[in-house]
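Report on the structure given below.
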Amino acid sequence: MNQNTISILAIDGPSGVGKGTVARVMAQKLGWHLLDSGAIYRAFALAVEARGVDIADKSALQKIAQTLDLEFKTEQGSELVSVFLEGGDVSKILRTEQTGEMASKVASVGVVRTALLKRQQDFAQAPGLVADGRDMGTVVFADAPFKVFLTASAQERAKRRLKQLQAQGTMGIMSQILAEVVARDERDCSRKNSPLKPADDALIIDTTELSIDKVIAQVSELIKA
Ligand code: C5P
């Protein structure tokens, strides 16, 4: 892969900020590939849990990361992506708060991040890639020509997450979701390995008061410019 010849749009930001939606819409608009790097960390966390491995056992974590049997499948004519871990469809369990929490814990381990790096970089295929995560612009695609960092208040992000859960028919308690959002951010921002932070050359967009269409418009402007 040569990051210099493939156009890459890196979209980073904290949990619940709407990165996933913005990344999906931008990939569709541009006709580029899509990388949901959070899904890789989530699937990895599920694999660790299934094996009952202690998170302190770095060598076992590294082995699982290096051999992770993971596949993303898009149904023809649909924009829905299904995720298969060791042949089993984990798309639903992948998105739960509990899996996100586990992912955030295992994602702080340096050897895990290193082992998962190439798998993420391999998504960079012509004509381009929209990559969504925490360290797309700072580490994984540090040379990306387009970098966006989305932010929003924790309150607003918890509100969006609650709405998302309700749309899926799942109950949620605002105070609990807010506490989870804050705890996950705290862990993602304060870790030693690839902490969540904007790249120096990223366009920072505070989406607290913005509709998704406005955010898309700003990101599209960046690409046009
Ligand atoms: O984005 P998502 O909520 O799916 O990510 C789940 C967790 O995976 C995050 O809280 C973060 O700790 C981790 N992650 C990461 N680096 C990425 C993407 C996700 O550390 N590039």
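Every value quoted in this text rests on a predicted model; they were computed, and no experiment measured them. Along the sequence shown, the residues carry numbers beginning at 1. We count ligands from 1, going down the list as the structure has it; atoms in each ligand are counted the same way. Scope of the values below: all heavy atoms of this structure, side chains included, with no hydrogens, waters or symmetry mates.
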Review point. By the rule that ILVMFWY residues connect when side-chain heavy atoms come within less than 4.5 angstrom, directly or transitively, which residues belong alongside I216?
Key: L9, I11, V17, V22, V25, M26, L30, W32, L34, V130, F146, V148, L150, L203, I205, L210, I212, V215, V219, L222, I223

Exercise for review: Tell me, please, which residues at least two apart from E71 pass salt bridge (charged side-chain N to carboxylate O under 4.0 Å, His left out).
Suggested key: none

Check your understanding: Protein residues near ligand 1, heavy-atom distance below 4.0 Å?
Key -> S37, G38, Y41, R42, R95, A103, S104, A107, R113, G133, R134, D135, M136, R184, D188, R191

Check your understanding: Between N193 and V109, is a side-chain contact (heavy atoms from CB on, under 4.5 Å) present by the stated rule, with each step listed?
Key -> CA-CA 7 Å; N193 302 302; V109 180; 5.8 Å; no

**Study point:** Residue from D188, D36, D185, D12 passing salt bridge (charged side-chain N to carboxylate O under 4.0 Å, His left out) with R134
**Key:** D188

Check your understanding: What pairs meet the ring-ring contact (aromatic ring centres under 6.0 Å, His included) rule with one or both residues in residues 63-116, with sequence neighbours excluded?
Key -> F72-F123

Review point. Would you find more than 12 non-hydrogen atoms of other residues, nucleotides or ligands less than 6.0 Å from E186 atom CD?
Key: no

